[in-house]
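Working notes for the structure below.
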Amino acid sequence: MTVHIPFDNSYAALPEAFFTRLPPTPVSAPATLAWNADLAAELGISGTDPDVFAGNRVPDGAAPLAQLYAGHQFGNYNPQLGDGRAILLGEVIDTNGIRRDIQLKGSGPTPYSRMGDGRAWLGPVLREYVVSEAMHALGIPTTRALAAVATGDPVYREQGGLPGAVLTRVATSHLRVGTFQIFAHRGHIDELRTLTDYAIARHHPDADGPMGLLAAVCAAQAELVAAWMSVGFIHGVMNTDNCTISGETIDYGPCAFMDAYDEARVFSSIDQMGRYAFGNQPRIAVWNMAQLATALIQLFDDKDAAVEQATAIVHAMPGQLQAAWLRRFGAKIGVADAQADDQALIEGLLALMQKDGADFTNAFAALGQAGARDQFTDRTAFDDWDARWQARVGPDAAQIMARANPQIIPRNHRIEAMIEAAVAGDMTLFIRFMKVTSQPYDLKLKDNDLCDPPTAQEIVPATFCGT
Ligand code: AMP
Ligand code: MG
């Protein structure tokens with residue numbers, strides 16, 4: 001079937017310094033594993049074609065390229081990264097009038113591949129597909145998954161030869177903090193200015209100049225990270241090259257949703273120091289915005305004044321994060337418009353959850369129901385909290401909580417089992433997963449085995465980088 005994609009490309013019209021033009025590298029035997037028909041309709045894409053979404057045929061109107069960027073990885077500046085295994089095919093204007101990137105990930109080497117092979121294997125491709133679509137269903141800004149296609153070629157990783165796959169990722173753009181950093185660090189001010197104007201027009205049209213852009217990105221990132229916290233999501237690699245200007249979650253590598261609540265929880269096998277631990281995410285988001293500020297300051301002649309202005313904007317972010325956190329966690333305990341006084345009540349519950357290792361998702365989902373105290377081991381302490389909570393909430397609490405507490409998240413041990421089955425050629429678990437995680441607030445899901453936390457044997461101690 002020939003697929004029609006109504007391309008309308010803008011990034012490809014930017015200066016050549018922003019990217020390298022090249023097509024994806026063909027693969028042996030493209031075969032569709034997953035196709036997101038709803039998203040395709042939203043994008044105006046008719047039908048699918050494994051040859052296109054594996055990178056074997058460049059569709060009409062595409063302007064394939066690999067984007068250039070840099071970034072701080074675990075706090076250290078890497079002067080050049082770029083799309084090492086991704087190709088931007090182009091952009092479409094969706095049915096809501098929003099410009100969306102269509103990118104192949106795992107589509108072969110590029111000039112930015114460094115030591116990598118430019119490929120992805122089936123496991124990380126399906127993990128990103130499931131988790132990004134689950135995040136969307138949870139109402140959290142994220143890149144989307146349009147297609148997953150098997151390549152028929154093996155990919156070699158520590159585990160040995162694994163089945164290769166290509167993910168088609170859709171984003172409101174792939175602009176990152178690192179896209180700004182590369183031009184700022186190189187002193188390429190004209191490119192930095194062009195990029196700033198482009199980002200404002202595309203994402204934050206009301207922003208007044210570079211400082212307006214900084215403020216808008218800070219606000220978007222504060223909302224995003226508070227939303228992650230509210231569902232127990234751990235991104236795992238919050239490097240500045242994985243931090244978007246749009247405020248969408250991007251790059252699902254060693255990410256995971258927490259089962260047992262733990263502020264210090266880390267999943268990523270490469271995060272030895274716990275830099276990107278659950279409870280550190282708000283601080284890291286602020287740190288990343290300080291890097292964006294540092295880049296944008298280069299646009300000003302009066303550096304002292306720019307530093308002062310940028311500092312004030314970045315210093316306002318912890319307050320924004322805190323306000324967003326309070327609003328979201330207030331809703332999780334059934335309080336709309338939570339006030340500063342409610343902070344202690346919320347923190348009291350989280351402290352109990354931390355002490356008892358309660359399941360984050362299930363404990364919140366059970367609040368106000370008969371089984372709530374069973375989620376805790378120290379029942380007396382819970383009863384004490386419950387009494388204080390009952391005194392605080394009103395008759396609309398259940399309704400508020402139903403919209404704030406998902407019944408289901410894509411649990412790590414289930415994702416691992418889904419990947420294992422898919423490698424063996426069985427996609428039924430993937431299909432089931434997609435179905436239930438698409439309606440996370442549906443109360444009827446309760447008692448579904450996919451809601452169960454892992455047993456001691458099932459706990460996945462670490463996730464590995466998405467390479
Ligand atoms: P990440 O932190 O996973 O987003 O990746 C950081 C950088 O490594 C980006 O420039 C990626 O394009 C690149 N990269 C990751 N995996 C590969 C791979 N298998 N081949 C080439 N480049 C890769
Ligand atoms: Mg990345």
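Please read all numbers here as calculations on a predicted model, not as lab measurements. Whatever order the structure lists them in is the order used to number ligands and atoms, beginning at 1.
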Do ligand 1 and [X] have nitrogen or oxygen atoms that lie under 3.5 Å from each other?
X	result
Gly84	yes
Gly118	yes
Asp117	yes

Practice problem: May I ask you to list the atoms of ligand 1 that are less than 4.0 angstrom from any heavy atom of Asp251? | Solution: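 Taking each heavy atom of Asp251 in turn, ligand 1 has 4 (O) under 4.0 Å.
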
Quiz item: Does Asp251 pair with Arg169 as a salt bridge, N-O distance under 4.0 Å?
Solution: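 Result for this pair is yes, salt bridge flagged.
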
Practice problem: Could you tell me whether any N, O or S atom belonging to Asn242 is less than 2.8 Å from the Mg ion (ligand 2)? | Solution: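 Yes - counting backbone and side chain alike, Asn242 has an N, O or S atom under 2.8 Å.
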
Practice problem: Taking the Mg ion (ligand 2) as the reference point, name the nearest N/O/S atom of Asp251. | Solution: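 It is OD2, the N, O or S atom of Asp251 closest to the Mg ion (ligand 2).
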
Quiz item: Under 30°, 30 to 60°, or over 60°: which ring-plane class applies to Phe360 and Tyr261, parallel, tilted or perpendicular?
Solution: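 Taking Tyr261 first and then Phe360, their aromatic rings lie parallel (interplane angle under 30°).
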
Quiz prompt | Parallel, tilted or perpendicular, as decided by the 30° and 60° cut-offs, for the rings of Trp228 and His235 | solution =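 Answer is parallel, since the angle falls under 30°.
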
Tell me which one of [options] gets a heavy atom nearest to [atom].
atom	options	result
atom 10 (O) of ligand 1	Pro254, Ala120, Gly82	Gly82
atom 15 (C) of ligand 1	Gln67, Met115, Arg85, Gln73	Arg85
atom 8 (O) of ligand 1	Arg157, Arg114, Arg176, Met238	Arg114
atom 1 (P) of ligand 1	Asn78, Val237, Asn242	Asn242

